[in-house]
Structures are given as structure tokens and as C-alpha cells.
Amino acid sequence: MILVVGGAGYIGSHLVKELVEKEEVIVLDNLATGHEESIDSRAVFVKGDLGNVEDLESIFSNYPIKAVMHFAAYSLVGESVQDPYKYYENNVANTLTLLNVMLKHNVKNFIFSSTAATYGIPKEEIILESSETSPINPYGRSKLMVEQILADFHTAYGLHYVVLRYFNAAGAHVSGEIGENHDPETHLIPIILQQLLGERESISVFGTDYPTEDGTCIRDYIHVTDLANAHIAALEALLKETKSAETYNLGNGVGYSVKQVIEMCEKVTGRKANVILSDRRAGDPARLVASSDKIYHELGWKAERGLETIIQSAWNWHNK
Ligand SMILES: NC(=O)c1ccc[n+]([C@@H]2O[C@H](COP(=O)([O-])OP(=O)(O)OC[C@H]3O[C@@H](n4cnc5c(N)ncnc54)[C@H](O)[C@@H]3O)[C@@H](O)[C@H]2O)c1
Ligand SMILES: O=c1ccn([C@@H]2O[C@H](COP(=O)(O)OP(=O)(O)O[C@H]3O[C@H](CO)[C@@H](O)[C@H](O)[C@H]3O)[C@@H](O)[C@H]2O)c(=O)[nH]1
């Protein structure tokens with residue numbers, strides 16, 4: 001059985017939908033930002049907290065867990081700058097609690113949701129896993145701290161792990177049953193689509209003076225189902241013991257500026273966005289674009305869905 005911590009959330013619920021086809025799945029989530037109805041009904045759901053030893057003990061004592069996938073975290077760059085305690089407590093301290101209980105029960109396979117935000121302001125146009133990590137916000141630092149803890153736990157306690165550094169997750173499940181459902185929503189693509197549906201007055205473009213071609217930030221958008229499939233490839237490698245202590249980027253390898261994303265949303269929906277040019281948001285690097293060659297060569301995974309497909313799938317879900 002696989003424990004998915006944070007499996008009621010956006011990315012976790014998409015992973016669970018794929019994973020239940022292959023494995024028995026149990027989800028632990030406190031529903032801080034997730035939704036119980038997003039969890040596939042074939043999975044067992046336990047409402048509880050990652051930082052609560054009793055909640056964890058009852059799962060590891062009662063279910064034969066062979067691996068843990070850890071999605072639970074707070075993950076908003078801007079909020080982490082305003083309230084770093086919240087981020088270090090949930091993302092670092094609570095993750096330590098989880099790792100401690102896992103090891104106590106001799107569960108040694110772990111997949112961790114990390115982020116492009118660990119790189120900070122990258123020196124390279126295309127980021128490799130070996131590129132320097134120098135995060136510029138507390139969120140990125142909280143994720144890098146966990147990566148360092150995992151490396152030490154591998155050496156000291158034989159923990160087997162894969163770190164997946166996602167770039168910008170977007171899109172919705174092909175069934176239209178689940179999609180990105182955050183309240184309040186802060187992510188670019190759902191905000192644009194909500195505006196195009198008339199649910200918002202306008203879209204603010206955060207910063208037009210970045211050192212990019214059109215002055216707006218560039219990101220590498222990756223479909224959630226592609227992310228889910230990467231987790232399954234990583235899990236297979238961990239269970240077959242062909243990989244351990246590895247870090248992989250997950251992106252498309254193509255960067256789009258905020259303005260280009262708005263244009264693509266207009267193209268997909270056939271509607272015109274109401275855009276306001278605003279100041280920069282704290283903590284945003286100008287450009288984050290991945291090389292995902294390493295995971296392609298080692299695990300055979302690559303992204304299959306580009307920006308237009310991502311936006312089309314999100315639009316289908318928003319319209320439901
Ligand atoms: N969305 C992105 O673009 C992106 C990019 C890179 C990395 N990530 C990482 O991927 C993971 C999932 O992101 P998401 O966008 O699905 O976020 P999300 O907020 O939708 O999902 C997180 C889930 O974890 C749960 N959770 C949080 N704290 C918990 C706790 N203490 N105990 C139990 N459950 C808890 C929430 O209720 C939620 O269901 C996060 O670790 C995030 O840092 C996300
Ligand atoms: O109303 C908005 C919202 C966003 N943006 C910009 O759009 C880009 C993308 O922003 P957003 O969708 O908020 O994602 P990021 O801040 O890039 O962060 C996401 O992607 C990171 C990986 O790159 C993850 O680590 C984070 O968890 C996840 O929230 C950024 O340049 C923002 O400044 C706007 O201009 N207007």
C-alpha cells in the first residue's frame with residue numbers, strides 16, 4: 001500500500017487517480033487546502049495532520065505501507081515571504097515528524113514534491129539538476145532544507161528517496177472530474193481562466209520590467225497528469241531498487257512569459273482578457289525553465305502535454 005500525504009490537494013489528487021490503477025492507496029490530508037471530493041473513491045482516506053504523531057502512528061501501525069509520496073505543504077511564494085514561520089513549520093518540521101515515524105516503522109521509500117523555487121535566480125537559461133540551488137524565498141528554502149535532510153537520512157539511516165522538482169503545475173484531469181481548486185486562487189492560469197469566465201474583474205500582470213523579451217516573468221508549465229506519471233515512474237524505480245537518492249526536474253523545457261500565457265488562454269477560449277499591468281510580486285525570479293533530460297534518460301519519463309493542451313484541459317474543467 002502506498003501512503004499519499006496531501007493526496008486531497010491539486011497535484012496529489014491527480015496522482016491518486018493514476019496510482020489507484022496500479023496500487024492500493026491511502027491518503028492522509030488535513031484538508032487545509034485540499035478537498036475530500038477530489039480523492040478517488042478507490043483510495044482509503046484518513047483526515048489527519050502530517051505533524052501529528054498519533055495520526056501517523058495509527059496509519060503505519062494499521063496498514064502495510066511500502067512507500068510514502070509526500071505532497072503536503074504550503075506552496076505559495078508570496079505568502080512564504082509574508083509568513084515564513086508557517087512555511088518552516090509545515091514544510092520542514094512536520095516533514096521531519098513524518099520521516100521519523102516512517103523510519104520507526106522501517107518504511108524506507110520516499111518521494112518528495114520539491115520545486116523549481118529551490119534554484120533561486122538561475123544562472124543558466126535551461127536549469128539542470130546540478131545547477132546551483134540558492135532559493136530567494138522562504139518557500140524555496142523550506143523545500144531545499146528537506147532535500148538536504150533526505151540526503152543525510154539516506155547516508156545515516158538508509159532512507160531511499162527520489163526528489164521531484166516540479167516547475168509550474170497546471171491543467172486538469174482529462175475526465176474533467178478534478179482540476180486546480182484553490183481558494184483563494186493565486187496561480188496564473190486559473191486566474192486568467194476565471195477572468196475569462198467573468199468571475200474576476202481583471203488579471204494583474206506582476207512586473208513588466210523583468211530582463212525578459214516582453215518584460216514579464218517566464219515559467220515552464222507542466223501538466224498535472226504528466227507530473228503524476230513521473231511519480232509512478234519514480235515509485236517503480238524505488239520499489240525495484242534501481243534508483244535511490246536521486247533528484248529530477250519535471251518540466252516541458254519550454255518557457256512562456258506571463259503575456260504569452262494570457263495570449264494562449266485567449267486563443268484557446270476565443271475570449272479577450274482584461275489585463276492590468278502591475279508591480280512585481282515579492283520573491284519571483286524572472287525565468288525558470290527546466291531541462292528534464294535526466295529523468296528521460298534514467299526513467300524514460302518525459303512531458304507529453306504542451307501549454308495549449310494544458311490550458312484546454314483547465315478550461316474544460318473550469319467550464320464544468
Ligand atoms: N502547484 C505547483 O505549481 C507546484 C510546483 C512545485 C512544487 N509543488 C509542490 O507540490 C505539492 C503539492 O502542491 P499542490 O499545488 O497540489 O498544493 P495543494 O495545496 O493543492 O495540496 C497540498 C495538500 O496538502 C494538504 N496539507 C497541507 N498541510 C498538511 C498537513 N500538515 N497535514 C496534512 N495535509 C496537509 C492540503 O490540505 C492539500 O490537500 C506541494 O508540496 C508543493 O510545494 C507545487
Ligand atoms: O495574478 C497573477 C498570478 C501570477 N502572475 C505571475 O505568473 C507567474 C506564475 O505565477 P504562479 O502561477 O503564482 O506560480 P509561481 O509563483 O511561479 O509558483 C508555482 O510554481 C513554482 C515552481 O516554479 C512552485 O514551486 C510553486 O509552488 C507554484 O505556486 C509569476 O511570474 C507571477 O508573478 C501574475 O502576473 N499575475
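Start at 1 and go down the list; that is how both ligands and their atoms are numbered. Any value given below was found using the heavy atoms of this structure, including those in side chains, with hydrogens, waters and symmetry copies removed.
Under 4.0 Å from ligand 2, the heavy atoms of Phe167 that appear belong solely to its backbone. Under 4.0 angstrom from ligand 2, the non-hydrogen atoms of Tyr139 all belong to its side chain. Contacts between His182 and ligand 1, counted as non-hydrogen atom pairs separated by less than 4.0 Å, involve the side chain only. In His70, neither the side chain nor the backbone holds a heavy atom less than 4.0 Å from any atom of ligand 1. At a heavy-atom distance under 4.0 Å, only backbone atoms of Ser114 (N, CA, C or O) approach ligand 1. Proximity of Tyr139 to ligand 1, defined as any heavy-atom pair under 4.0 Å, is confined to the side chain (atoms from C-beta onward). Heavy atoms of Leu188 found under 4.0 angstrom from ligand 2 belong to the backbone as well as the side chain.
Taking every heavy atom of Arg219 and a limit of under 4.0 angstrom, the matching atoms of ligand 2 come to 17 (O), 31 (O). Counting atoms of ligand 1 from 1 in the listed order, those under 4.0 Å from a heavy atom of Ala32 are 37 (O). Close approach of ligand 1 to Gly34 (heavy-atom distance below 4.0 Å) involves ligand atoms 36 (C), 37 (O), 38 (C), 39 (O). If you number the atoms of ligand 2 from 1 as listed, the ones under 4.0 Å from a heavy atom of Thr186 come out as 3 (C), 13 (O). Below 4.0 Å from some heavy atom of Ser204 lie the following atoms of ligand 2, by number and element: 1 (O), 2 (C), 34 (C), 35 (O), 36 (N). Residue contact check: Ala169 has heavy atoms under 4.0 Å from atoms 1 (N), 2 (C), 3 (O) of ligand 1. Atoms of ligand 2 lying under 4.0 Å from any heavy atom of Val205, numbered from 1 in the order shown and given with element: 35 (O).
For atom 29 (O) of ligand 2, the closest non-hydrogen atom on the protein side is His187 NE2, 2.6 Å. Protein heavy atom closest to atom 16 (O) of ligand 2, with residue, atom name and distance, is Arg281 NH2, 2.6 Å. In terms of protein heavy-atom proximity, atom 18 (O) of ligand 2 is closest to Asn168 ND2, 3.9 Å. Atom 25 (O) of ligand 2 has Thr115 OG1, 2.3 Å as its closest protein atom, hydrogens excluded (heavy atom only).
Polar contact check, His187 against ligand 1: no nitrogen or oxygen pair lies under 3.5 Å apart. In terms of polar-atom proximity, Asn168 is not counted as a contact of ligand 1, lacking any N or O under 3.5 Å from an N or O of the ligand. In terms of N/O distances under 3.5 Å, ligand 1 is not approached by Gly12. At least one N/O-N/O distance between Ile11 and ligand 1 falls below 3.5 Å.
A centroid separation of less than 6.0 Å is found between the aromatic rings of His231 and Tyr166.
Note on ligand 2: Tyr221 sits in its first shell, one or more heavy atoms being nearer than 4.0 Å.
Between Tyr87 and Tyr139, the ring planes lie perpendicular to each other; the angle is over 60°, past the 30° to 60° tilted range.
Look at Lys123 and Glu132 and you find a salt bridge, because one of the NZ, NE, NH1 or NH2 atoms lies within 4.0 Å of a carboxylate O, short of that distance.
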*asked:* For a salt bridge (charged side-chain N to carboxylate O under 4.0 Å, His left out) check, start with the C-alpha distance between Glu36 and Lys47, then their side-chain angles and the critical distance, and finish with the verdict.
replied: CA-CA 9 Å; Glu36 188 171 352; Lys47 186 174 175 200; over 6 Å; no
